[in-house]
Each structure stands twice: as C-alpha cells, then as structure tokens.
Amino acid sequence: NKLLAMNAFHQHENGTEYFSESITLCSLLASTPSIDITPGLYTLVCRIWWVLVDNTIDIDYQVKATTECLRRQEIFASDKTFLKTLRSIHTVNSILQGSYTEALSTIEASNQDSGKHESELFLQVVEQALKKVLGNQVCVEKEEELKKKITELRKDFPDEIEKQQEKYERLILLSASEGIRSNMQNFLIQAGVDAGMFLSRFQRPQEVIPGLQSKPVWDITDLDSKTLDRITKLKKSWKIILEEGLKIKAEYLNWRKDEHLSFNGTWNYLQFITGKSLDSKENPPWKEVCAVAPTTCSIFKGTESLPCPACSAMWSVLGPGSHIHSHIGPTNARLRVHLGLQVPENCSLRVGDLNLKWKEGEALIFDDSYEHEVWNNSDEERIIFIMDIFHPDFTEDQ
C-alpha cells in the first residue's frame with residue numbers, strides 16, 4: 001500500500017524525493033519469499049519498479065530491476081508480453097554493461113520457453129553477434145533461416161522490419177555512447193549485415209529498396225537532366241542563396257534545433273519543403289520564405305513538391321566547435337545534395353569511410369543512407385543549403 005501511494009504521488013506530483021525509497025521498497029518486495037506474495041502482486045511490483053527506473057539514465061538501476069524480477073520468471077507465465085519486455089531490456093542493458101554471457105543467457109531462456117525463437121527479431125540478430133564475440137559455435141542453418149525471415153518480412157511487412165531495425169540501430173548507438181569495447185559494435189554491425197538487416201557495414205537505412213546501386217558519393221554526371229539543371233541553378237546562385245539564408249536567419253527566429261544528433265555545439269536548420277508538402281505545419285509558410293528568398297524559391301518554382309516523399313530542402317547552420325555524431329538517413333531511395341555557402345577551414349564530413357570537405361559554390365552529392373558524421377572545428381558558422389533528390393536508378397513507375 002505504501003508503494004502504491006508513493007507511486008501515485010510520484011506520477012501526479014513529480015515526487016522525485018520518493019524515488020529512492022520506492023526503489024528500496026520494490027527491491028524488498030521482489031525478494032519476498034514466494035509463499036508471502038501472490039503472482040499478481042509480484043507482477044505489479046515489477047511493473048511499478050520498471051516504470052520508475054525506465055525514466056532514469058542509470059543502467060545499473062535498470063539492470064537491478066530486471067535481474068530481480070527475472071529471478072522468478074515462472075510467475076509471468078500468464079503475462080508473456082511483460083516477460084518478453086523484461087528480457088529484451090535486460091539483454092540490451094547487459095550488453096551495455098559488457099556482460100555478454102548474461103545477455104546471451106537471457107535470449108536463450110526466451111528461446112527455450114516453447115522450443116523455438118520467441119524473442120524479438122532484433123534480439124535474434126543480437127544472439128548471433130553475442131555467440132561470435134564469445135567464441136561460441138554459430139549454427140549456419142539458423143543464420144540462413146534468420147536471413148530468409150528478414151527478407152520475407154521486408155517484402156511483406158516492411159513496417160515491422162523497420163521497427164526491429166530501429167531497435168537494433170539504437171543498441172549500436174547506445175553501445176557507442178556507453179563506451180563499451182568497439183569490437184562488440186563491430187560484431188553487432190556485422191551480424192546485421194550477415195542477417196540481411198543491413199546492406200553493408202556503413203549503409204544501414206531502415207527502408208531498403210532492392211536493386212539500387214550503392215555507393216557513398218556520387219558525381220553530378222550520374223544524375224538526370226532535370227536534376228542536373230536544378231543543381232546548376234543552385235550553384236550559379238550560391239551567393240544570393242547565402243544572402244537570402246542569412247536574411248531569413250535574422251528575421252525568422254523559429255529555426256529548428258537538433259539536440260539529439262549533436263555531441264556538442266549547435267545545429268540549426270530551416271526547412272521550407274518537407275516530403276510532398278511545401279507548407280508543412282513544421283515549416284514556415286512557403287510565401288513567407290519566398291518573400292525573403294525569391295531567388296532560392298524560383299529554383300523550385302512550379303514544383304509542388306520535391307521529387308520524393310522522404311526529401312526536403314533547407315538551409316543548415318552548424319555552429320563553431322560543433323560535432324554531429326554518426327547517423328544514417330531513413331532510406332536508400334534518395335540522395336542528398338550539399339551546396340557550400342559559407343565554409344570555414346577545419347570543417348569536414350565523413351560518409352562511410354570517406355572524408356570529404358565542402359567548397360563554397362560547389363555541390364557535394366552523397367547517399368545519406370550511409371553512416372555519416374560532421375565536424376565544424378572552426379570559430380565560425382558553417383552554412384550550407386541541402387536538397388534531397390530521388391536515387392538515379394528509380395524508374396518513372398517507381
């Protein structure tokens with residue numbers, strides 16, 4: 001009763017002062033002998049405990065909760081969904097702690113429940129990575145079966161495979177931020193490639209269109225005449241596009257800030273086209289932008305949308321001393337064009353294993369479904385204009 005009361009207060013009044021005592025109570029109740037606590041109450045305690053620790057960034061809190069609750073897995077026999085959630089969380093956090101044997105044991109416990117794979121698909125790929133990093137024997141037949149399953153899911157249920165891939169990619173990113181051994185990250189990525197979840201070591205988009213040519217950097221001569229014409233216009237007008245961008249920067253304060261991808265510094269951008277919409281609710285009205293930036297808008301005049309649904313056009317400002325950590329675009333269906341506008345020294349872009357630099361008035365074309373990373377190590381702002389385009393291999397029907 002005390003735990004429930006504190007939990008209610010914590011939820012409605014943000015009673016953070018009760019957090020520590022609530023955690024202690026959860027631990028005490030979870031360790032109560034089975035004869036003294038019903039399965040229903042035990043499940044309730046574990047659910048409250050997880051809600052409490054899920055809002056913290058302390059992995060140790062989370063691991064303690066899942067470890068204690070999974071000690072009596074048989075209690076959750078009637079609540080398989082919650083059990084799978086606990087096991088999934090425990091597996092991920094054990095990897096982040098470097099406890100690979102514990103992580104593998106948790107996945108295998110899930111598999112043994114019904115004699116077949118019951119864990120989430122992304123955890124089945126994680127299982128292959130853990131076996132390899134621990135030097136355990138890997139079943140080739142099981143690897144092939146997993147690859148076939150992912151291929152079929154991508155064809156028949158693309159949304160589901162994208163969700164699983166997002167979870168897997170998040171684990172890779174978390175492992176980097178937690179500073180675990182880099183070889184584990186390499187094993188995770190390679191297992192994703194082997195299973196068909198990723199196209200390659202560096203190309204890991206959530207949406208994969210089969211049959212498209214893959215290369216990190218493209219030449220302007222690879223593009224169709226209409227796209228080439230638009231890029232040529234952008235290049236010829238780059239100084240005016242810079243001036244217009246600076247005017248908008250001074251007059252329009254509602255630039256979007258990305259704090260998720262920035263390790264340090266600032267990254268602000270103003271989109272005026274997003275996907276199929278010119279006047280998206282997230283963007284300033286098209287007419288307002290064009291009143292300040294008529295030349296930039298004229299290049300897109302007569303275009304009710306950019307060529308592809310996942311495309312956008314924007315000014316991008318990277319502040320002095322800023323670093324955007326490695327990230328991956330959502331689809332291999334597009335390419336990204338960067339037009340250099342204001343480029344100080346000591347600014348660079350990594351795409352895959354290639355290191356690139358912008359030049360003012362020049363266009364840099366790359367496939368942002370490859371892992372990429374950005375630095376501005378100068379004491380000035382780096383400003384570019386970004387335009388997305390369809391992948392050149394797309395047909396009119398596609």
- Message: Tell me if the NZ atom of Lys215 is crowded by more than 12 foreign heavy atoms within 6.0 Å.
- Response: yes

- Message: Given 3.5 Å as the limit, does a donor-acceptor pair link the side chain of Arg154 with the main chain of Met197, or not?
- Response: yes

- Query: For the atom pair CZ (Arg334) and CD (Glu207), what is the distance rounded to the nearest 0.5 Å?
  - Reply: 10.0 Å

- Query: Within a reach of under 6.0 Å around NZ of Lys132, are more than 12 heavy atoms found that belong to other residues, nucleotides or ligands?
  - Reply: yes

- Message: Do Ile48 and Leu52 have side chains that approach each other closer than 4.5 Å (heavy atoms only, starting at C-beta)?
- Response: yes

- Query: Any donor-acceptor pair under 3.5 Å linking the side chain of Glu120 with the backbone of Ser88?
  - Reply: no

- Message: Ignoring hydrogens and geometry beyond distance, is a side-chain donor-acceptor pair present between Gln73 and Arg87 at under 3.5 Å?
- Response: yes

- Shared hydrophobic cluster, Leu234 / Trp218 (ILVMFWY, side-chain heavy atoms < 4.5 Å): yes

- ILVMFWY network linking Trp358 to Leu354, side-chain heavy atoms under 4.5 angstrom: yes

- Message: Measuring only between side-chain heavy atoms, which start at C-beta, is Val343 closer than 4.5 Å to Lys357?
- Response: no

- Query: Honestly curious: do Leu356 and Ile384 fall in one hydrophobic cluster under the side-chain, below-4.5 Å linking rule?
  - Reply: yes

- Provide the closest heavy-atom pair for Ile248 versus Ala293 in the form atom of the first, atom of the second, distance. CD1-CB, 3.8 Å

- In terms of side-chain heavy atoms, does Gln124 have a donor or acceptor partner in Gln128 at a distance below 3.5 Å? no

- Item | Path from Leu134 to Leu171 over hydrophobic side-chain contacts below 4.5 Å | yes

- Item | Test item: side-chain donor near acceptor, Gln213 and His391, under 3.5 Å | no

- With the 4.5 Å side-chain cut-off for hydrophobic clustering, are Phe187 and Val138 part of the same group? no

- Query: Would you say the side-chain atoms of Asn376 and Glu381 include a donor-acceptor pair closer than 3.5 Å?
  - Reply: no

- Query: Less than 4.0 Å between a side-chain N and a carboxylate O, is that true for Glu144 and Lys147?
  - Reply: no

- Might you point out which heavy atoms bring Val53 and Ala65 nearest each other, and give the distance in Å? CG2-CB, 4.1 Å

- Heavy atoms of Phe300 and Ala313 approach each other most closely as CZ-CB, 4.2 Å

- Message: A side-chain contact here means heavy atoms from C-beta on lying under 4.5 Å apart; do Ser22 and Leu3 qualify?
- Response: yes

- Give a yes or no answer on whether the side chain of Gln206 reaches the backbone of Pro330 with a donor-acceptor pair at less than 3.5 Å. no

- Task: To the nearest 0.5 angstrom, please state how far the CD1 atom of Ile241 sits from the CD1 atom of Ile383.
- Result: 12.5 Å

- For Glu345, look at atom CD and say whether over 12 heavy atoms of other residues, nucleotides or ligands are found less than 6.0 Å away. no

- Query: Just by modelled atom types, is the Cys69 backbone N or O under 3.5 Å from a matching donor or acceptor in the Arg72 side chain?
  - Reply: no

- Query: Do the rings of Phe366 and His338 sit parallel, tilted or perpendicular, given the 30° and 60° boundaries?
  - Reply: perpendicular

- Task: Show the numbers, then the answer: is there a side-chain contact (heavy atoms from CB on, under 4.5 Å) between Ile324 and Glu373?
- Result: CA-CA 6 Å; Ile324 302 173; Glu373 189 172 8; over 6 Å; no

- Task: Report yes if some heavy atom in the side chain of Ile209 is under 4.5 Å from a heavy atom in the side chain of Asp393; otherwise report no.
- Result: no

- Item | Nearest-0.5 Å distance, CG of residue Leu70 to CD of residue Glu102 | 8.5 Å

- Query: Are side-chain N/O atoms of Ser312 and Asp388 paired as donor and acceptor at under 3.5 Å?
  - Reply: yes

- Grab the two heavy atoms, one from Trp315 and one from Gly245, that are nearest each other, plus how far apart they are. NE1-CA, 3.4 Å

- Measure from the side-chain N and O atoms of Glu143 to the backbone N and O of Asp194, and report whether any donor-acceptor pair falls under 3.5 Å. no

- Message: Less than 4.5 Å apart, side chain to side chain, heavy atoms only: is that true for Asp224 and Phe394?
- Response: no

- Message: Determine whether Thr32 and Leu41 satisfy the following criterion, side-chain contact (heavy atoms from CB on, under 4.5 Å), listing intermediate values before the conclusion.
- Response: CA-CA 11 Å; Thr32 300; Leu41 281 178; over 6 Å; no

- Message: Is there a disulfide (SG to SG under 2.5 Å) between Cys26 and Cys46? Walk through the geometry before answering.
- Response: CA-CA 7 Å; Cys26 286; Cys46 286; over 6 Å; no

- Check whether the ring centres of Phe19 and Tyr61 lie less than 6.0 Å apart, and answer yes or no. yes

- OG1 of Thr266 to CG of Leu318, rounded to nearest 0.5 Å, is 7.0 Å

- Sequence neighbours excluded, the answer for ring-ring contact (aromatic ring centres under 6.0 Å, His included) partners of Tyr168 is Phe198

- Note on the structure: Of Thr91, Ile107, Thr106, Leu146, the one forming a side chain to side chain contact (heavy atoms under 4.5 Å, CB included) with Glu127 is Ile107

- Query: What heavy-atom pair brings Ser322 and Gly319 nearest, and what distance separates the two atoms?
  - Reply: OG-O, 2.7 Å

- Item | Derivation of the side-chain contact (heavy atoms from CB on, under 4.5 Å) call for Trp50 and Gln62 | CA-CA 7 Å; Trp50 174 246; Gln62 297 182 6; 3.9 Å; yes

- Between Ser31 and Leu28, is there a donor-acceptor pair closer than 3.5 Å when you use the side chain of the first and the backbone of the second? yes

- Query: So which heavy atom on Thr295 is nearest to which on Ser298, and how close?
  - Reply: O-OG, 2.6 Å

- Should Ser175 and Met184 count as side-chain neighbours, where that means a heavy-atom distance under 4.5 Å? no

- Task: Taking Asp222 for its side chain and Asp219 for its backbone only, find out whether a donor-acceptor pair lies under 3.5 Å.
- Result: yes

- Message: Could you tell me if the side chain of Leu130 sits less than 4.5 Å from the side chain of Ile95, heavy atoms only?
- Response: yes

- Item | Residue pair Gln203 / Ser369, side-chain donor-acceptor N/O under 3.5 Å | yes

- Query: Do Ile161 and Leu121 touch side chain to side chain, with heavy atoms closer than 4.5 Å?
  - Reply: yes

- Verdict with reasoning, Glu152 to Lys155, per salt bridge (charged side-chain N to carboxylate O under 4.0 Å, His left out): CA-CA 5 Å; Glu152 291 174 351; Lys155 179 182 177 182; over 6 Å; no

- Could you give the distance from NZ (Lys236) to NZ (Lys233), rounded to the nearest 0.5 Å? 9.5 Å

- Task: Output, in order, the C-alpha distance, side-chain angles, deciding distance and verdict of side-chain contact (heavy atoms from CB on, under 4.5 Å) for Lys131 and Glu108.
- Result: CA-CA 11 Å; Lys131 286 182 176 179; Glu108 290 175 339; 4.2 Å; yes

- Give me the ring orientation class for Trp267 and Tyr269: parallel if the planes are under 30° apart, tilted from 30 to 60°, perpendicular past 60°. tilted

- Arg350 and Glu371: CA distance, side-chain angles, deciding distance, salt bridge (charged side-chain N to carboxylate O under 4.0 Å, His left out) verdict: CA-CA 8 Å; Arg350 176 183 66 82; Glu371 180 183 289; 3.0 Å; yes

- Query: Quick one: CD1 on Ile328 to CD1 on Ile172, what's the gap to the nearest 0.5 Å?
  - Reply: 7.5 Å

